[in-house]
Each structure stands twice: as structure tokens, then as C-alpha cells.
Amino acid sequence: MGSIQNAEVARIFEEMAELLELQGANAFRVRAYRTAAQRIGDLSESVAQIVNDPDRSLQEIPGIGKDLAEKIETIVNTHTLPQLEELRAELPAGLVQMLRIPGLGPKKVALLHKELKINSLEDLKQAAEQGQISGLKGFGKKTEQSILEGLEQVESAGDRAYLADAQVQAEAIVAALAAHESVGHVTAAGSLRRRRETVGDLDILATTSDPAAVMDLLASHRLVTRVLQRGDTKQRVRLDSGLELDLRVVPEESYGAAMQYFTGSKEHNIAIRRRALERGLKINEYGVFRGEERIAGRTEEEVYASVGLPWIPPELRENRGEIELAEQGRLPKLVKLADIRGDLHMHTTATDGTASIREMAEAARARGLKYIAITDHSKRVTMAGGLDADALRTHWKEIEKVRKEVSGIEILKGVECDILENGEMDLPDEVLAEADWVIAVLHYGLKQPKEQIDKRLLNAVRCPHVDIIGHPTARVVGRRPPVNFTPEQLFKAAADHGVMMEINADPHRLDLDDIHAAAAKAHGIPIVISTDAHSTGGLDLMQYGVYQARRAGLEAKDVANTRTLSAFRKMLRRG
DNA sequence: GCCGTTTTCGGCCCGACTGTTTTCAGTCG
């Protein structure tokens, strides 16, 4: 039996929270499970490892007390939790699905279950169509109608959007609202501002002397298909992409407090408000108050200062220790896009790219880069026309030719070499030895058991010609889970052998993720942020990799491709 | 269920909007 992943423990606790909530359990008890699920999900170290270490205690983790520590041990040892099994036996799985319908929370779902014996989305649909629901206490015709609409919505499930897609839509709407004469500030807040890899909905904040006019403007925007709610200060709309957007209107003097509030995360805000309470203050979206008196709120800096903290970058606001760092004056000086000097992962027409070596080099130079590596696929990737030893050597000769023709940018001869299913590299050592830069990657056999994945990654790290592991977990955001591997083992070996780790900037990959990248940094491993561009336009994805690095708390010094080429070369194991 | 230089008991972030209500509960973020 393999050791259990933190994500699985987190999922069990999250389900416990949902089921307890449906059962009408104490809300703070429910919150305790949610908090624990979040903390465990955020942990870079595996809980299984802590359980197995006699010198460690799970209760070191904030939000884990005696009871939850015992439950985690049970989960680690048996891969299940008796209390969860009991709850599942009492509450049909369909009830949890019903919670996804907007407007239905645990109380209403529990009532539907109790009064109408509704156990599934199908039951719910039938009951709503037959008009049984509007007869219930607390339910009316409108609720019944919105349930029917919600059912359709859930069926055509609009998942969370990729950050890059959400950002395009947010920018279009922000620009449209900013053009209104009454508008002072307008900004996107929420998970978009925190640069999470996916975004559930958009939060836009505006100051204006004429809220009604701005809401009218939003309602008429080409991307908006429907107004879902509208009050004096808040409007919720649905976009044609399926994303929903909240517009909040606040007075100018509350702008900073509102930005802080609506940027979140929820967990970060709860911690900040708790600090405020300790100081006899109250923080809400309108400002910081001592009794009736507003003492701050125009800027975010004021809000943080009121609780004795410096301004905290949005990417760090997840209550993962950033408040403690801020308190100690140890917040990282996060890496910026402008710090990036080189891009070390890209493809050309030699394999599955759409541009030539020369076009990629010139496009990179136009973006201010000083060096790039051309890293086409190795032969295992037949679909992309991967290169064998001969083809690769020919390709490298071509790179040498372009080097002489294009000035102002250095071009490294690289390769993205597959780590085969059996753990061998896809190209012979003597070929890899001729490269300037070798990225080793997993593309196939991603469902292999943990032991085999670990073996493949370790073999690659031990191969003397490998410089970096590319998109190390091979996950695709929201589509394909990460490979089952042992992060501590990989990072320790990489640190020992001088192998770097990639943050792949493709918005669908963003791999390493923030948690793993922070763990790699803790091992002292240099991180390289690369676009994996397959076209000249693909070079613009660098921003998303930088966002992910910032969420991991990385500074420019932690990111190897912020160095000059000569300084970067000195960091390579090949010297 | 967690947590604690005021506490081991009694707190736990806070407000807007909707629908169904005559003053509020539930949901959401």
C-alpha cells in the first residue's frame, strides 16, 4: 500500500465538512474541518511522513488539534476514516451534489431531503417540475424556478476558468468601466489578483459617484449575458463564457479596505481581522474602525498598517505564513517579469513548434530577452516529430548557423529529452553531453505507480547531462492530475546533484505549482521559469510562470534565468 | 473541533442580497 497523499487527506476532511454541515453540525466544528483540509493541502511535506516520524507531531500544524491528528493517523494507516463512512451511510451522495446549485446551501438541502425525501439531482428536478418545492416552508415560486435554472447550469458545468482566460475578460470589463466619467478607481480583485492558477469568478471593484450608471454600463457590456443580482452597491452578472462577475461599488475613502477585503483570500482576511480584534479594531470593506470612528481605509497600506503590518503582495495572501513573515519584516521581495533575462524552454518547426529558430530568437529579443534555449522534443514523442540523435545534431548545426546571423541574443543548443517508461533517457549520453542545456521530462507512463515514477525521476537527476527537470509533475490544471511521486526525495536528490527545477509558464501546466516550488526553494534548488513556447506568441506566457513563482514566494535570486547568461552558466552542474 | 501574556471555557470575520418574510434566515463571497 503506497503512502497517502496530502490531497487525499484534505479531500476526506472537506467531505466531512460538507456532510457535517448537511447534518446541521456546529458551524465552527465544520469550519475546523475546512481549515484543516486547507492547511494540509498547502503543506509541502507529506503528513504520512510526519506520522511516521516519532520526533514529529501533527499538532505542529496550525488548525490540527488532538482529535484531527488522530483522524489523520487513522487515514494514513487505513486509507479511510470510519466517521466519514458513517456519514456517507446516513446521507446520500446526491445531497452533496445539490450543494453545487446556486442558492441551495446545507440548510435548504437538508430540508428538501427531510420533507420531500429528495436524494439526488434527478429527484430534485422532478420535484421542482411538479411544483412540490414551492409548497415548503422558506421556499417559494422563485426559489423553485432558480433551482431549475441551477440544475441546467450544473449540468453544463462551467468549471473554474484558467487564469489567463479570466484575465482577458476582466481586463476588457475593467477598461470599459474605467471609461465612464463618474468612475475613479476600477480594479479586478479576488483570486484573479492573487494570480491563482484558476479563477472561479471575477470580482471587480469600483469607486464612482454614480453607481446606477456604472451598473447599467456593466449590464450592457458585450461580454455580459445576464444580470443575476442588483442592489445599491453590488451587482452580479453572468458572462458569455459562463464565468460570473461581481461588481462592488464603494466610496473613495473605503477603496483600500475594499481592495483588501475583496482580494482575499478568505483565510487571509479572517487572520487579519482576528489581528484587528486583538487590537480593539474592526475591519470591514468600508474601513478600519475603532468603535464608530474610521481610522483607515483609503489604501491597502493603511489597512495593513493599522494592524501593525507592511503591505502584503496579493499573491501571498493565502494565510500560509505570510502574516508572520510580514510581522517579522521578512516578506520576500518577489520576482518580477522584468527580472527575467532568458527563456530556456521552447520549440521550433523542427518538431511541433510553428516558428523557425531564427523567428523564435528574434521574437525573444524583441521581448527584451538576452538568451534563449531551443529545446525541441526527443524521438519518443513521435506525435510531435521528436528528433533522434542524427536529426538533433543536424538541428544543432542549424542553431549554430543562426547564432552567427542573429545578434543581440544568445542561443543555447538544448533538447527536451523524455525520461522513458523504464527510466532510461530517450537519447544516448554522448549526444546529451554535446548539448548546452538538457531538460528531462515525463510525457508517457504518467499513471505508473509511485515507486516507478520516483525511479524515473531519480534516474534523470543522476544522469550527469541533465540540467533540469521540466514540468516535473506533468499535471494539466483541472484536467490531468500530477504524477504520483515523492517530492522530498526528488528535491533532495536534485539539490545533491545540482539539478534545477522548472516552473513551466504555460497556463495549463504551471508546473511546479506554488507549493512544490516553495519546497524546491527550501531545498536550495534553483528554479527556472520557462514558457515552453510553441510559437513566437507563446513567449508571452512568461508572465504566468512569474505569477506562480510569486505565489511560491520566490525572489529574483531564487530564479536562475534572472541571471546574466555567464552567471547562469556558472550555476550549471556541467560548469 | 481549535485555541489561549486577560482565558482550559467560551469564544470563533463580516456584510450584501434574495426570497419569503412582517423582522429574518439562508446563502454567498
Under a 3.5 Å threshold, yes or no: a donor from one side chain and an acceptor from the other, between A/His523 and A/Glu488? no
Please check if any side-chain donor atom of A/Gln235 sits under 3.5 Å from a side-chain acceptor atom of A/Gln229, or the reverse. no
A/Gln229, nearest nucleotide to its side chain (from B/dC14, B/dT20, B/dC17): B/dC17
Does a nitrogen or oxygen in the side chain of A/Arg236 sit under 4.0 Å from OP1 or OP2 of B/dG29? yes
Name the orientation of the base relative to the sugar in B/dT20: syn if the glycosidic angle is within 90° of 0, else anti. anti
Is any side-chain N or O of A/Arg273 closer than 4.0 Å to OP1 or OP2 of B/dC14? no
Nearest-Å distance, CG (A/Leu277) to C1' (B/dT7)? 16 Å
Determine the Euclidean distance between corresponding C1' atoms of B/dT18 and B/dG10; express it in Å to zero decimal places. 33 Å
By the 4.0 Å heavy-atom rule, please label A/Thr35 as base, sugar-phosphate, or nothing. nothing
Side chain of A/Leu68 only, heavy atoms from C-beta on: which candidate in B/dT27, B/dG15, B/dC2 is closest? B/dC2
With respect to the side chain of A/Lys108, which nucleotide from B/dC13, B/dG26, B/dG1 is positioned closest? B/dG26
For A/Asp67, answer base if it contacts any base atom (sugar-phosphate contacts may also be present), sugar-phosphate if it contacts only those atoms, and nothing otherwise; contact means non-hydrogen atoms under 4.0 Å. sugar-phosphate
Whole-Å C1' distance, B/dT23 and B/dC17: 16 Å
Taking only the side-chain nitrogens and oxygens of A/Thr143, find out if one of them lies under 4.0 Å from OP1 or OP2 of B/dT27. no
Would you kindly give the CG-to-C1' distance between A/Leu99 and B/dC28, to the nearest whole Å? 13 Å
Side-chain N,O (A/Lys282) to OP1/OP2 (B/dG15) below 4.0 Å: yes
Quick check on B/dA16: is either OP1 or OP2 less than 4.0 Å from any side-chain nitrogen or oxygen of A/Tyr261? no
Test log, rule ring pair (Phe, Tyr, Trp, His ring centres under 6.0 Å), inputs A/Phe485 and A/His516: CA-CA 12 Å; A/Phe485 76 122; A/His516 284 131; 5.5 Å; yes
Would one find a side-chain N or O of A/Lys71 under 4.0 angstrom from OP1 or OP2 of B/dG1? yes
Strand partner of B/dT8, provided both Watson-Crick or wobble distances fall under 3.5 Å: none
Interatomic distance, CZ@A/Arg160 vs CG@A/Asp201, rounded to 0.5 Å, equals 8.0 Å
Can you find a side chain N or O atom of A/Arg248 that sits less than 4.0 Å from OP1 or OP2 on B/dG29? no
Ranking B/dC2, B/dG29, B/dC14 by distance to the side chain of A/Ala32, first place goes to B/dC2
Give a yes or no on whether the backbone of A/Lys266 and the side-chain of A/Asn269 come within a donor-acceptor separation of less than 3.5 Å. no
Of the candidate nucleotides B/dT20, B/dC2, B/dG29, which contains the atom at the shortest distance from the side chain of A/Asp201? B/dG29
Figure out the CD1/C1' separation between A/Ile270 and B/dG29, and round it to whole Å. 11 Å
Check whether any side-chain N or O of A/Asn284 sits under 4.0 Å from OP1 or OP2 of B/dG15, and answer yes or no. yes
A/Glu318 vs A/Arg196, side-chain contact (heavy atoms from CB on, under 4.5 Å): CA-CA, chis, key distance, verdict: CA-CA 10 Å; A/Glu318 300 288 349; A/Arg196 279 198 56 185; 3.9 Å; yes
Rounded to the Å, how far apart are A/Leu228 CG and B/dG19 C1'? 15 Å
